[in-house]
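We name chains A, B, ... by the order of the sequence lines, and we start the count at 1 in each one.
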There are 2 protein chains.
Amino acid sequence: MSTSYQGSEEEIRALDTYIKLMRATGSVTYRAHTHLVDVKLTPSQFGVLEALFHLGPLVQRDLANKLLVTGGNITMVVDNLEKRGLVLRKRDSDDRRFINVHLTEMGNELIGRLFPVHADIIKRELQVLTADEQDLLGDLCKKLGLNETG
Amino acid sequence: MSTSYQGSEEEIRALDTYIKLMRATGSVTYRAHTHLVDVKLTPSQFGVLEALFHLGPLVQRDLANKLLVTGGNITMVVDNLEKRGLVLRKRDSDDRRFINVHLTEMGNELIGRLFPVHADIIKRELQVLTADEQDLLGDLCKKLGLNETG
DNA sequence: GGGCAATAGTTTAACATTAAATGAATACAT
DNA sequence: ATGTATTCATTTAATGTTAAACTATTGCCC
């Protein structure tokens, strides 16, 4: 049956904390994405629209960096968004390597309508914690992220 | 440029906390997977091996539930692990709907060698937090996960 | 200014992932 | 006991995801 792994106390604690971190993130993310089914958007597509909504037109490389995915991935996701008429590509005339991605009228309308729903879901999920607890959680998470690179 | 979204204070806080949670999880997970390149295992494949290592042989449905993925996904991942001779499928003779997945000698040897490395990476990543901080983080995460369903 | 390194984007191959449809085996209700 | 509903696994289609190879463009350097 269960293969017992003999780790140190620190390892046990770290693995236990990590699994809880994973579950919490997965849980909130899962719920934050349920409403996307209605508009037939994938989480990745929503992520791109959200980034453009908040930051304005972006070069694909910047999108990839923001969303922590590869360039090839962005090519695919933007392709599908473009097919649906939600975003447009516009090559930079100064430096023709760059391609600016911006929301179309339709894309802007959609994400402008979707984001408040998204924000509300996140808010309700996080409200099992008090404001202080959320700040505390944020601080602890920030420390974990800082650990450099990646 | 930046399209300003006018959310409530609660929404702003929740979104801010959520993004930090996502970044922290992504950061630790990313680092925990770097060593898999050496043995040409994908994170999903590692996840299956890890589950089998700790819980013993599992039916595919249980694997899917443990790893929070769909059944079709497990079919694919187990296929690839089976091709490499790391796991074996064995149909249950009592209830022929079930397929038990278990580690082969080679699979057991591999995950037994890999898991300590994995545990050590997680430990080092989490050690930017004290033991108390880790417990606190775990508790906060647990509250988030509890919010039922999903 | 001609060659070379660096950067942006695309493509390809392999694997992952989901939802939905299907097939096979079992449970259950009347 | 027979028909119906469940459950498990697979398949399919579509999209995502990465790494690696490739193209195109620009920057740099001698």
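In this structure, a donor-acceptor pair under 3.5 Å is absent between the side chains of B:Thr25 and A:Tyr18. Under 3.5 Å, the side chains of A:Asn80 and A:Arg84 contain no donor-acceptor pair of N or O atoms. Counting only N and O atoms by type, the side chains of B:Thr17 and B:Arg13 include no donor and acceptor under 3.5 Å apart.
A salt bridge does not link A:Asp16 with B:Lys142: every distance from a Lys NZ or Arg NE/NH1/NH2 to an Asp or Glu carboxylate oxygen is 4.0 Å or more.
Nearer to the 5' terminus of DNA chain D, by closest-nucleotide assignment, is the contact made by B:Thr75 (compared with the other of A:Gln45 and B:Thr75). In terms of position on DNA chain C, the residue among A:Met76 and A:Phe98 whose nearest nucleotide sits closer to the 5' end is A:Phe98.
At a threshold of 4.5 Å between non-hydrogen side-chain atoms, the residues B:Val48 and B:Leu63 count as touching. Looking only at side-chain heavy atoms (C-beta outward), B:Leu103 and B:Leu49 come within less than 4.5 Å of each other. Under the 4.5 Å side-chain criterion, counting only non-hydrogen atoms from C-beta, A:Phe98 is not in contact with A:Gln60.
Contact annotation for B:Val59: backbone-only contact, meaning every heavy-atom pair under 4.0 Å involves sugar-phosphate atoms and none involves a base. B:Thr70 comes within 4.0 angstrom of a base, heavy atoms only. Heavy atoms of B:Asn73 sit under 4.0 angstrom from at least one base atom.
The CG-C1' distance, from A:Leu68 to D:dT18, rounds to 14 Å in whole Å. B:Leu63 has its CG atom 16 Å from the C1' atom of D:dT7, to the nearest Å. For the pair A:Ile99 CD1 and D:dT25 P, the interatomic distance rounds to 11 Å; values are reported in whole Å. The NZ-P distance, from A:Lys40 to D:dT15, rounds to 11 Å in whole Å. Rounded to whole angstrom, the span from the CZ atom of B:Arg97 across to the P atom of D:dT6 amounts to 13 Å. When the C1' atom of D:dT15 is taken as reference, atom CZ of A:Arg84 falls 12 Å away, rounded to whole Å. A straight line from CD1 of A:Ile74 to P of D:dA19 spans 14 Å, rounded to a whole angstrom.
Taking the six-membered ring where tryptophan is involved, the planes of A:His33 and A:His118 are essentially parallel, since the angle between them stays under 30° and well short of 60°.
If you check residues 86-96 of chain B against DNA chain C, the residues with a heavy atom closer than 4.0 Å are B:Asp94, B:Asp95, B:Arg96, listed by number.
Using a 4.0 Å cutoff to heavy atoms of chain B, the contacted part of DNA chain C runs 5' to 3' from C:dC15 to C:dT26.
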Result block: side-chain N/O donor-acceptor pairs under 3.5 angstrom for residues 70-78 of chain A, not counting sequence neighbours:
residue : atom : partner : partner atom : Å
A:Thr70 : OG1  : A:Asn73 : N            : 3.4
A:Thr75 : OG1  : A:Gly71 : O            : 3.3

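Put simply, A:Asn80 has a side-chain N or O that comes within less than 4.0 Å of OP1 or OP2 on D:dG16.
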